[in-house]
Amino acid sequence: GAGVSQSPSNKVTEKGKDVELRCDPISGHTALYWYRQSLGQGLEFLIYFQGNSAPDKSGLPSDRFSAERTGGSVSTLTIQRTQQEDSAVYLCASSLDSAYGYTFGSGTRLTVV
Amino acid sequence: AQSVTQPDIHITVSEGASLELRCNYSYGATPYLFWYVQSPGQGLQLLLKYFSGDTLVQGIKGFEAEFKRSQSSFNLRKPSVHWSDAAEYFCAVGTWSDMRFGAGTRLTVKP
């Protein structure tokens, strides 16, 4: 597609439920990133996929967070047993080469009640 | 350790005034440097980037930034701010697999 697409745009979930956030990157972009942006905060790196290499999961805050990328394209970020502190905007970005910068999606606003 | 610092959390300028947003970084080598803008309810948009060559780079919307190696800085400037520039601005520093973002500077534009 023309841009990075994320769905849903908004998600309200009850504490303890699992959620799945989807990212559809720009076609041909081999790198895909997930970031989290909490209210008034900068962007917190979560996970990075590059081609068929093992992902860099160093930013995932706990083992409740996981992500996969199927076929080098669509990625799903899963949060299990959600907590209120998980409430944030989850941003996905893709890149052909970091020298060109990232293209970000509009994000998924997750609210845990 | 790698880090990006945007010292100003919030800046207010009058429309038509000049603007400078500060960004300082700590990195092992000269990294790629970026500025992004995030308008309310929107995703992040790339304003400009530096990875080599001329240290003064031009971006979209009339923005420019200057890389100063000796100061480890990459400050964003605009000679005359427009009301539509009100947004959150993020400096980003890093390489292919290690991109760090600053906490952001919120710009308010007074009429």
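Each chain gets a letter, A, B and so on, in the order the sequences are listed, and its residues count up from 1. Keep in mind the model is a prediction, meaning the values are calculated, not measured.
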* Is chain B contacted by the side chain of A:Leu43, its backbone, both, or neither, given a heavy-atom distance below 4.5 Å? -> both
* Asked: Around B:Ile60, counting heavy atoms of other residues, nucleotides and ligands shown, do more than 12 lie under 6.0 Å from its CD1?
  -> yes
* Should B:Tyr89 and B:Phe74 be regarded as members of a common hydrophobic cluster, given that ILVMFWY residues are connected when their side-chain heavy atoms come within less than 4.5 Å of each other, either directly or indirectly? -> yes
* Aromatic plane relationship, A:Tyr102 with B:Tyr36 - under 30° parallel, 30 to 60° tilted, over 60° perpendicular -> tilted
* Asked: Can you tell me if CD on A:Glu14 sees more than 12 non-hydrogen neighbours from other groups inside 6.0 Å?
  -> no
* **Other cluster members, A:Val12 - Ile/Leu/Val/Met/Phe/Trp/Tyr, side-chain contacts below 4.5 Å** => A:Val113
* Structure fact -> Turns out that what part of B:Leu44 lies under 4.5 Å from chain A's heavy atoms comes down to both
* Structure fact -> Applying a strict 4.5 Å limit to non-hydrogen atoms, the region of A:Gln37 in contact with chain B is side chain
* Could you have a look at B:Gln38, B:Arg106, B:Gln6 and say which one has the most heavy-atom pairs with chain A under 4.5 angstrom? => B:Gln38
* Asked: Quick one: disulfide (SG to SG under 2.5 Å) pairs with a partner in residues 11-55 of chain B, sequence neighbours left out?
  -> B:Cys23-B:Cys91
